[in-house]
Amino acid sequence: MKLFNTLTQSLETFTPLSDDNTVRVYVCGVTPYDTTHLGHAFTYVSFDALMRYLEYTGYTVRYVQNVTDIDDDVLRKARELGMAWDELGRRETERFLRDMDALNVRRPAVYARATDEIPHIIEVVQTLVARGYAYVSEGCVYYSIKKDPDFGAMARAIGLEDYASMLTIANERGNFPDDTRKKDPLDFVLWQAQAPGEPAWQSPWGPGRPGWHIECSSMVMRHLGPQIDIHGGGADLAFPHHTCEIAQSEHYTGKAPFSRFWVHTGMVYQDGEKMSKSLGNLTLVSNLLKDYSADAIRLTLLSHHYRHPWECFAEDLSVATQTVEQLQHVRRLVGRSASGEDSMLRHQFTAAMDDDLDTPQAVVLLKEAAAKVIAEPNLETGAEILRLTNVLGLCV
Ligand SMILES: [Zn+2]
């Protein structure tokens with residue numbers, strides 16, 4: 001299989017690092033302070049399709065995802081709602097999992113909460129301080145980018161060529177350049193000193209809480225080991241989040257690459273703008289599920305290539321609904337216990353999926369094959385279609 005690696009900006013042949021036939025995958029999860037929108041669904045359905053396909057081709061997949069249950073957004077939203085931050089986190093995590101379950105996204109083997117990770121995070125941060133990559137300042141610990149000549153390979157890969165462009169984007173995404181406790185505006189926080197009224201955990205630097213980037217590095221290393229095969233997330237995580245993850249992880253373990261492949265999903269647009277909580281132009285999964293079947297929503301998402309940005313229109317969902325009806329028609333023709341195969345269709349399907357997970361092409365193949373089977377019943381092809389829809393995670 002060929003997969004696009006953000007770090008090298010090229011299609012590379014996928015093989016796991018270890019020889020135990022296991023693919024180790026980590027995908028950055030949600031911050032549970034608001035409901036799940038179509039952008040989230042696109043990321044997690046795309047990765048779910050990748051996991052299912054890797055298993056179909058014979059690998060064992062070990063998949064870990066995090067939930068950032070403590071951060072600035074969670075605390076702010078909890079204050080606005082007059083709710084306890086941990087209660088808000090639990091409620092929104094449950095909602096997210098319910099939406100993902102509804103879309104037949106399989107749960108990861110480990111679904112790790114930041115607040116369960118604190119002792120290991122502290123150990124990683126201590127080591128980075130001891131090795132000179134991080135420094136303590138007024139109860140905070142920062143990663144020092146000047147001490148790390150390798151910093152920023154991922155940023156350069158996605159076109160942030162120099163310090164100034166990195167700083168601009170980092171600050172847009174919450175790096176707090178005016179924090180006077182930092183030596184350099186691009187330094188990022190590993191441990192954040194307790195602010196008045198905020199929850200805190202004890203640490204060698206005083207009470208505080210972990211930064212966001214270190215949470216993911218710590219979870220990857222604890223649950224999957226020092227090096228993994230695929231690290232994924234939305235395209236807006238490549239910098240600074242994943243760039244920072246690489247820096248701190250590789251200097252903690254002394255091993256590179258931290259992840260063999262970096263896989264990023266395209267942003268989803270609504271009304272011409274990126275779907276985001278701050279703009280309020282959200283299509284919520286829970287609302288879509290009132291009007292469309294889970295299969296139709298899933299098929300709509302998989303009809304877009306995981307790497308490309310796209311905008312969702314109601315017409316897409318109607319077309320997908322028709323395709324689901326065609327596949328259901330095939331199901332009725334073939335029945336539940338049908339056997340038989342169509343090696344030509346299977347070959348075309350795997351060729352599409354091997355080409356950087358080309359699910360849009362795979363969907364077209366199944367749709368065309370279904371139309372043929374409906375016009376002229378062929379139970380072998382029908383059985384193959386149903387097996388392959390299963391690889392895409394459809395419940396037809
Ligand atoms: Zn992450």
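Counting convention: from 1, in listed order, for ligands and their atoms alike.
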(message) salt bridge (Lys or Arg N to Asp or Glu O under 4.0 Å), that's the test. Do Asp20 and Arg24 meet it? Break it down for me.
(response) CA-CA 11 Å; Asp20 61 0; Arg24 291 169 176 79; 2.8 Å; yes

(request) Using the Zn ion (ligand 1) as the apex, give the angle to atoms SG (Cys216) and NE2 (His241), rounded to 10 degrees. (result)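 Seen from the Zn ion (ligand 1), SG and NE2 are separated by roughly 110°.
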
(request) Could you check Asp184, Val129, Asp179 and say which one makes a side chain to side chain contact (heavy atoms under 4.5 Å, CB included) with Tyr142? (result) Asp179

(message) As a test of understanding, state which of Leu88, Asp86, Thr93 forms a side chain to side chain contact (heavy atoms under 4.5 Å, CB included) with Arg90.
(response) Asp86

(message) Tell me whether Lys146 is salt-bridged to Asp187, with the criterion being a basic N under 4.0 Å from an acidic carboxylate O.
(response)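 Salt bridge: no.
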
(message) Can you tell me if, anywhere in His242, an N/O/S atom lies at a distance from the Zn ion (ligand 1) that is smaller than 2.8 Å?
(response)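 It does not; every qualifying atom lies at 2.8 Å or beyond.
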
(request) Could you tell me whether the Zn ion (ligand 1) has an N, O or S atom of Cys28 under 2.8 Å away? (result)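 So Cys28 counts as coordinating the Zn ion (ligand 1), yes.
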
